[in-house]
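Below, chains carry the letters A, B, ... as their sequence lines are ordered, and counting in each starts from 1. These numbers come from a predicted model, not from an experiment.
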2 protein chains.
Amino acid sequence: MQAHIYTYRYIMTREDIKDYFNVAISVSMVIFAFDGEKLRILIQRRDEDPFNGAWQLPSRFVRPNESLELNAKMLLEETIPMTETIDSYSEQLNAFGKVYRNPLGRVVNVGFYCIVKMTDEDRRMAEQKGMMWAAYTEIPDLAFDHNEIIDYAKQRLKRRFKRRPVGFSLLPKEFTLTQLQILYEGALNKKFDKRNFRKKVFNSALLIDLDKTIETSYGKVSKLYRFDEDKYEKMSLKGYDFLF
Amino acid sequence: MQAHIYTYRYIMTREDIKDYFNVAISVSMVIFAFDGEKLRILIQRRDEDPFNGAWQLPSRFVRPNESLELNAKMLLEETIPMTETIDSYSEQLNAFGKVYRNPLGRVVNVGFYCIVKMTDEDRRMAEQKGMMWAAYTEIPDLAFDHNEIIDYAKQRLKRRFKRRPVGFSLLPKEFTLTQLQILYEGALNKKFDKRNFRKKVFNSALLIDLDKTIETSYGKVSKLYRFDEDKYEKMSLKGYDFLF
DNA sequence: TTAATATGTGTCAAAAATACACATTTTAGT
DNA sequence: ACTAAAATGTGTATTTTTGACACATATTAA
């Protein structure tokens, strides 16, 4: 607080730089979730100008006393309050700073993305609150440059999938290998051979066999697995690359 | 221009958001170069408060009519005017937005890094202008959070080295395989077996044998190679991963 | 002429990636 | 009760990639 007052006075006495302090910062969040079939991204209807009524990414101006990360965290919590976001994966993407990207004035947007476990409650809530879980491959036209931000997020997610076990943040704690494979195929836009996929996953030795099965809609029951986070932590300390 | 006047008046009438437009954006640039032995990063002495006299990354406030990328480009050109920066590799790192990172007020810094071919002229110029090419592994304490930005840039460079042939942007157009290996060893902080290194490089089939040699200070003459950019362009279109 | 320093080259073994097919279990429909 | 459809789950052979490893040759400095 003290520091803020101090800096405010300081700026007032520095005529040479005063004109730079007239930009706004906003944060946008690309929230990825997986419904068992498809990867999805949460978008919402704007209810004010500019672009009133258009779809957009959940976004928020940065207040003077909030760091970017704190702002992103608050944005996430107010957008999907029902979801456990504490252990979700979140990361900054990039600053998007085209001069006229926002007609209100100079707004530099800092994009974030995160990966959450979607709950049924979230899906119901979403529709009530003017939000939509849009399919990864069918994102409509969005306000501002938000389509560009999503494209960037998709690329980043793809890279992360190849090197880090982020996929598990999208699945329920207990999952089947088929779910895992569908997820990877969706994220990397590529088909895998079932036997080779499983071989690779088992070789990583990061799955715990739960000795439990779950009924699928049709066909045999599936075995359930869990991701061994502790083991991964230990391995990743010495620069370990995950799959693919 | 028209748009700028429009947005200015618009903001004036929106009391609810006016308070957000009081942040400054700065751009910092981590400039990597290679002197044949070591990777180096360009730093400069500050000549004004705050942190007067301290080392910092080349930095610049963003003016209202400049995009982040344009600003970064101008920063690079005014910092090392003698270097050909047109074909150098440049990329945004991240936005650094801690609340009190700059005592002047709320300044969000957008970090960039770039990779240039160092010329002898640059090295001489640098010292005259209060700049220093600091060794990659021995960066002194810098103003603001610039050490943090450099750490981030080093990580990013390491990742890029593994997947993209960015190394060639650091070497002269014609280089020896020993130079290439020293560079990779420095960037990845890892030793390679000479025969295996060469095997891998040749397998990529992206080097053109120039049928020329160059005298080294001691020992046999070395063969010179050039990087085949056209061929790489074609290969990278279909998601090609470089070496290591 | 000798010692020091640098370049440049091939083989073998292990590990990883890839291609490929069928038996089993369960449900839905008749 | 039977059949068709849909899903799970499993092994082997081949190719490719990685990694370990040693010495002859050219050049310069002393």
Side-chain angles (χ1 to χ4, degrees), chain A residues 35-38 161-163 165 171-172 174-186 188-226 235 238-244, chain B residues 35-38 161-163 165 171-172 174-186 188-226 235 238-244:
Chain A
D35 65 3
E37 286 180 39
K38 285 181 175 176
F161 255 83
K162 287 192 182 190
R163 303 285 150 203
L171 292 172
E174 309 191 339
F175 52 84
T176 69
L177 292 178
T178 303
Q179 287 177 310
L180 188 65
Q181 183 171 350
I182 291 171
L183 174 59
Y184 267 83
E185 289 180 339
L188 301 179
N189 190 28
K190 190 178 169 186
K191 289 283 171 194
F192 294 102
D193 175 86
K194 206 201 303 183
R195 282 167 293 187
N196 293 339
F197 182 85
R198 283 160 190 244
K199 199 192 303 176
K200 219 165 175 178
V201 170
F202 287 136
N203 279 347
S204 79
L206 285 171
L207 289 199
I208 298 170
D209 186 338
L210 293 172
D211 277 317
K212 280 164 69 178
T213 55
I214 191 173
E215 288 179 5
T216 52
S217 58
Y218 214 172
K220 280 170 90 163
V221 297
S222 288
K223 292 184 73 172
L224 284 168
Y225 295 86
R226 191 161 64 73
M235 292 172 78
K238 32 183 178 173
Y240 162 73
D241 267 359
F242 192 55
L243 305 168
F244 310 106
Chain B
D35 66 3
E37 286 180 40
K38 284 180 175 176
F161 254 82
K162 287 192 181 190
R163 305 282 152 205
L171 293 172
E174 307 191 340
F175 52 84
T176 69
L177 291 178
T178 303
Q179 286 177 311
L180 187 66
Q181 184 171 349
I182 292 171
L183 173 58
Y184 267 83
E185 290 180 339
L188 300 180
N189 190 30
K190 191 178 168 183
K191 290 281 170 195
F192 294 102
D193 175 87
K194 206 203 300 184
R195 282 168 292 187
N196 292 340
F197 182 85
R198 282 160 191 244
K199 197 193 305 176
K200 218 163 177 178
V201 170
F202 288 136
N203 278 348
S204 79
L206 286 171
L207 290 199
I208 298 169
D209 185 338
L210 293 172
D211 278 318
K212 281 164 69 178
T213 56
I214 190 172
E215 288 178 4
T216 52
S217 58
Y218 213 171
K220 278 171 89 163
V221 296
S222 288
K223 293 184 72 171
L224 284 167
Y225 295 87
R226 192 160 64 74
M235 292 171 78
K238 32 183 178 170
Y240 163 72
D241 267 358
F242 191 54
L243 304 168
F244 310 105

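A straight line from CD of A:Glu215 to C1' of C:dT27 spans 10 Å, rounded to a whole angstrom. Remark: C1' of D:dT25 and NZ of B:Lys223 are 15 Å apart, rounded to the nearest angstrom. In this structure, the CD atom of B:Gln179 is 13 Å from the C1' atom of C:dT7, given to the nearest Å. Residue A:Phe197 contributes atom CZ, which lies 18 Å from atom P of C:dA16 at whole-angstrom precision. Atom NZ of A:Lys191 and atom P of C:dA17 are 21 Å apart (whole Å). Rounded to whole angstrom, the span from the CG atom of B:Leu224 across to the P atom of C:dG8 amounts to 9 Å. Following rounding to the nearest Å, B:Lys200 (NZ) and D:dA20 (P) show an atom-to-atom distance of 11 Å.
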Decide yes or no on side-chain contact (heavy atoms from CB on, under 4.5 Å) for B:Leu177 and B:Phe202, but give the supporting numbers first. CA-CA 10 Å; B:Leu177 291 178; B:Phe202 288 136; 3.5 Å; yes

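Proximity of a side-chain donor or acceptor of B:Gln181 to a complementary backbone N or O of B:Phe197 within less than 3.5 Å is not detected. Side-chain atoms of B:Gln179 never come within 3.5 Å of backbone atoms of B:Gly36 as a donor-acceptor pair (strictly under, hydrogens ignored).
Along DNA chain D, the nucleotide nearest A:Arg198 and the nucleotide nearest A:Gly219 are compared for position; the residue whose nucleotide lies closer to the 5' end is A:Gly219. Comparing B:Asn196 and A:Thr216 against DNA chain D, the residue whose closest nucleotide sits nearer the 5' end is A:Thr216.
Judged by atom type and distance alone, A:Lys199 reaches the base of C:dT18 through a side-chain donor-acceptor pair under 3.5 Å.
Expressed to the nearest 0.5 Å, how far NZ of B:Lys162 lies from CZ of A:Arg163 amounts to 8.0 Å.
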